[in-house]
Chemist: 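I'd like to ask some things about the structure below.
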Amino acid sequence: MEISGLVITYNEERHIAKCIDALFKICDEVIVIDSLSTDNTVKIAEEKGAKVISQAFLGDGPQRIYGLPYCKNDWILNMDADEILAEDAENFILSGKYKNQDFDVYAFSLYNYMNGKVIDFAGWYPDKTSRFFNKKTASPSKDRVHQKVSGKNKTHLKVHIHHYAWEDFDQLICKKNLYSTWHAQQFFDRKKKVNSFKPILNGSVSFVKCYFLKRGFLNGLDGLTFSITQGFFTYMKYAKLLKLQQKSK
């Protein structure tokens with residue numbers, strides 16, 4: 001298959017071996033852009049046959065863009081180290097059907113896992129992400145966090161990626177806290193302005209959407225917890241943006 005696997009990493013020794021093994025089922029090369037890991041990520045990746053490029057972290061989108069020139073193929077399967085294609089997505093790519101269609105970006109749905117359990121409620125499914133694209137006409141955005149892939153013609157397939165995101169709530173909260181900081185800085189750099197009501201309003205709307213409209217209430221304490229988490233960190237990214245605005249004055 002003339003497909004390049006592209007992975008960005010930082011201290012992913014727990015996941016990288018399985019990720020690379022899965023990519024080599026579909027790709028004829030795997031490129032790892034590593035953000036100066038301090039664990040065994042690079043060693044494991046190289047032992048698995050990946051080509052590793054070291055680059056201090058530029059942001060989610062820019063780091064992926066940085067890796068594109070190292071990929072020899074036009075079609076890119078751009079995964080995170082804690083992601084593995086589900087059988088339905090794997091079969092779609094191996095079938096070669098994408099070659100006969102007019103799309104240059106394919107979005108898949110994520111199965112997000114915590115400690116081995118799929119979180120498929122409270123707005124956490126379907127969590128769509130663009131991971132397969134043709135670099136001749138499509139590219140990741142320059143967003144520092146939660147980048148998107150833009151191209152000429154994009155479609156969402158009902159196939160899946162297994163995302164082994166978090167072991168526990170501590171890990172979830174740490175990641176969400178980091179993302180909210182990046183989001184706030186990204187908004188600030190783009191000169192987005194908010195007032196004091198924005199964190200409260202958006203945080204409340206996010207909670208209501210997850211808990212009621214997306215039926216988190218049907219999943220007991222877990223549904224409530226994930227809805228509160230989503231609402232709180234929506235609140236935090238705007239609260240942090242307000243702090244940046246105040247400091248700039």
Chemist: Can you tell me how far CG of N219 sits from NZ of K214, rounded to the nearest 0.5 angstrom?
Modeler: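 CG of N219 is found 14.0 Å from NZ of K214.
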
Chemist: Look up atom CZ in R131 and atom CD1 in I76, then write down how far apart they are to the nearest 0.5 Å.
Modeler: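 One gets 13.5 Å once the value is rounded to the nearest 0.5 Å.
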
Chemist: Hydrogens and angles aside, do D28 and N73 bring a side-chain donor and acceptor to less than 3.5 Å of each other?
Modeler: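 Note: D28 and N73 side chains meet the donor-acceptor criterion.
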
Chemist: Is there a donor-acceptor pair under 3.5 Å between the side chain of E13 and the backbone N or O of N40?
Modeler: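 Such a contact is found between E13 side chain and N40 backbone.
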
Chemist: Kindly compute the distance separating CD (Q55) from OG (S35), expressed to the nearest 0.5 Å.
Modeler: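 Output value for this atom pair is 7.5 Å.
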
Chemist: Is any side-chain heavy atom of K240 closer than 4.5 Å to a side-chain heavy atom of N177?
Modeler: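 When only atoms from C-beta onward are counted, N177 and K240 do touch, with a gap below 4.5 Å.
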
Chemist: Within the distance-only criterion (no hydrogens, no angle test), does the side chain of S227 pair as donor or acceptor with the backbone N or O of G216 below 3.5 angstrom?
Modeler: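 No.
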
Chemist: Do V145 and Q186 make a side-chain contact, defined as non-hydrogen atoms from C-beta onward lying under 4.5 Å apart?
Modeler: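 Sidechains of Q186 and V145: in contact.
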
Chemist: Applying side-chain contact (heavy atoms from CB on, under 4.5 Å), run through K43 and T41 and close with a yes or a no.
Modeler: CA-CA 6 Å; K43 179 175 181 291; T41 298; over 6 Å; no

Chemist: Say whether K72 and S4, considering side chains only, have a donor N or O and an acceptor N or O under 3.5 Å apart.
Modeler: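 No, no side-chain donor-acceptor contact under 3.5 Å.
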
Chemist: Do the side chains of I161 and I16 join up, straight or via other hydrophobic residues, at under 4.5 Å, putting them in one cluster?
Modeler: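 I161 clusters together with I16.
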
Chemist: Where do I53 and D34 land on the side-chain contact (heavy atoms from CB on, under 4.5 Å) test, with the steps shown first?
Modeler: CA-CA 6 Å; I53 310 298; D34 183 74; over 6 Å; no

Chemist: What distance do R190 atom CZ and R144 atom CZ have between them, rounded to the nearest 0.5 Å?
Modeler: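 It is 12.0 Å, given to the nearest 0.5 Å.
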
Chemist: Would you check if L244 and Q185 make a side-chain contact, meaning some heavy-atom pair closer than 4.5 Å?
Modeler: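 The answer is yes; the side chains approach within 4.5 Å.
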
Chemist: Do K152 and N134 pair up side chain to side chain, a donor and an acceptor below 3.5 Å, judged on atom types alone?
Modeler: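 There is no such pair between these side chains.
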
Chemist: Which one of K25, K18, E90 satisfies the side chain to side chain contact (heavy atoms under 4.5 Å, CB included) criterion with I84?
Modeler: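 Only match with I84 under side chain to side chain contact (heavy atoms under 4.5 Å, CB included): K18.
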
Chemist: Go through the steps to decide whether K175 and D82 satisfy the test salt bridge (charged side-chain N to carboxylate O under 4.0 Å, His left out), and finish with yes or no.
Modeler: CA-CA 13 Å; K175 285 189 176 182; D82 57 3; 3.8 Å; yes

Chemist: Hey, can you tell me if H160 and Y111 have their rings parallel, tilted or perpendicular (30° and 60° cut-offs)?
Modeler: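 Ring orientation, 0 to 90° scale: parallel.
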
Chemist: When clusters are formed by joining ILVMFWY residues with side-chain heavy atoms under 4.5 Å apart, either directly or through shared neighbours, do Y66 and V32 land in the same one?
Modeler: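 No, it is not one cluster - the side chains of Y66 and V32 are not joined through contacts under 4.5 Å.
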
Chemist: Looking only at heavy atoms, which two atoms of A107 and S130 are closest? And how far apart?
Modeler: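 Looks like CB-OG, 3.7 Å.
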
Chemist: Is the backbone N or O of E83 less than 3.5 Å from a side-chain atom of D80, with the two atoms forming a donor-acceptor pair by type?
Modeler: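 No, the answer is negative, given that no donor and acceptor are paired below the 3.5 Å cut-off.
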
Chemist: Should I93 and L77 count as side-chain neighbours, where that means a heavy-atom distance under 4.5 Å?
Modeler: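 Yes, at least one pair of side-chain atoms sits under 4.5 Å.
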
Chemist: Is the shortest distance from a Lys or Arg side-chain nitrogen in K142 or D60 to a carboxylate oxygen in the other one below 4.0 Å?
Modeler: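 No, no charged N to carboxylate O under 4.0 Å.
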
Chemist: Does the gap between the ring centers of F92 and Y106 come in under 6.0 Å?
Modeler: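 Here the rings of Y106 and F92 have centres that are less than 6.0 Å from each other.
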
Chemist: With respect to Y98, which candidate in F103, F108, F132 satisfies the ring-ring contact (aromatic ring centres under 6.0 Å, His included) definition?
Modeler: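 Testing each of F103, F108, F132 against Y98, the sole residue satisfying ring-ring contact (aromatic ring centres under 6.0 Å, His included) is F132.
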
Chemist: Could you check whether atom OH of Y235 has more than 12 heavy atoms from other residues, nucleotides or ligands sitting under 6.0 Å from it?
Modeler: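 Atom OH in Y235 is not packed in, count stays at 12 or less.
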
Chemist: Does E167 come within less than 4.0 Å of R14, counting only side-chain N to carboxylate O?
Modeler: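 So E167 pairs with R14 through a salt bridge.
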
Chemist: Could you verify whether a donor N or O on one side chain and an acceptor N or O on the other, from T137 and D104, lie under 3.5 Å apart?
Modeler: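 Distance-only check passes for T137 and D104.
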
Chemist: Is there a side-chain contact between V194 and Q245 (heavy atoms, below 4.5 Å)?
Modeler: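 Yes, side chains in contact.
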
Chemist: Does Y238 have K198 sitting over its ring (NZ/CZ under 6.0 Å from centre, angle to axis within 45°)?
Modeler: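 Pair K198/Y238 counts as cation-pi.
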
Chemist: Using 0.5 Å steps for rounding, measure from the CG atom of N78 to the CD1 atom of I31.
Modeler: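 Those atoms lie 12.0 Å apart.
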
Chemist: Side-chain donor-acceptor pair under 3.5 Å between D127 and N112, yes or no?
Modeler: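 Yes, a side-chain donor-acceptor pair sits under 3.5 Å.
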
Chemist: Taking the side chain from S206 and the backbone from N202, do they hold a donor-acceptor pair closer than 3.5 Å?
Modeler: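 No: the side chain of S206 does not pair with the backbone of N202.
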
Chemist: Any chance NZ of K135 has more than 12 other-residue heavy atoms, nucleotides or ligands included, within less than 6.0 Å?
Modeler: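 Yes.
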
Chemist: Distance only, no hydrogens: is a donor on one side chain within 3.5 Å (strictly under) of an acceptor on the other, for K176 and Q230?
Modeler: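 Result is yes, a qualifying pair exists.
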
Chemist: When you compare the side chains of K158 and S109, does any donor N or O come within less than 3.5 Å of an acceptor on the partner?
Modeler: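 Absent: no donor and acceptor within the cut-off.
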
Chemist: Determine whether V149 and S139 make a side-chain contact, defined as any pair of heavy atoms from C-beta on separated by less than 4.5 Å.
Modeler: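 No - every pair of side-chain heavy atoms lies 4.5 Å or more apart.
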
Chemist: Using a cut-off of 6.0 Å, state whether more than 12 heavy atoms not belonging to K154 lie near its atom NZ.
Modeler: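 Atom NZ in K154 is packed in, count exceeds 12.
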
Chemist: Is there side-chain contact between P140 and F133, with heavy atoms separated by less than 4.5 Å?
Modeler: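 Counting from C-beta outward, P140 and F133 do come under 4.5 Å.
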
Chemist: With ring centroids as reference points, do Y113 and H163 lie under 6.0 angstrom apart?
Modeler: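 Y113 vs H163: aromatic centres not under 6.0 Å.
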
Chemist: Aromatic ring centroids of F226 and F169 under 6.0 Å?
Modeler: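 Yes, they do, as the ring centres are separated by less than 6.0 Å.
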
Chemist: Kindly indicate whether the side chain of T38, heavy atoms from C-beta on, has any atom under 4.5 Å from the side chain of N11.
Modeler: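 In contact.
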
Chemist: Would you give the length of the straight line joining atom OG1 of T9 to atom CG of L36, rounded to the nearest 0.5 angstrom?
Modeler: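 Between atom OG1 of T9 and atom CG of L36 there are 9.5 Å.
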
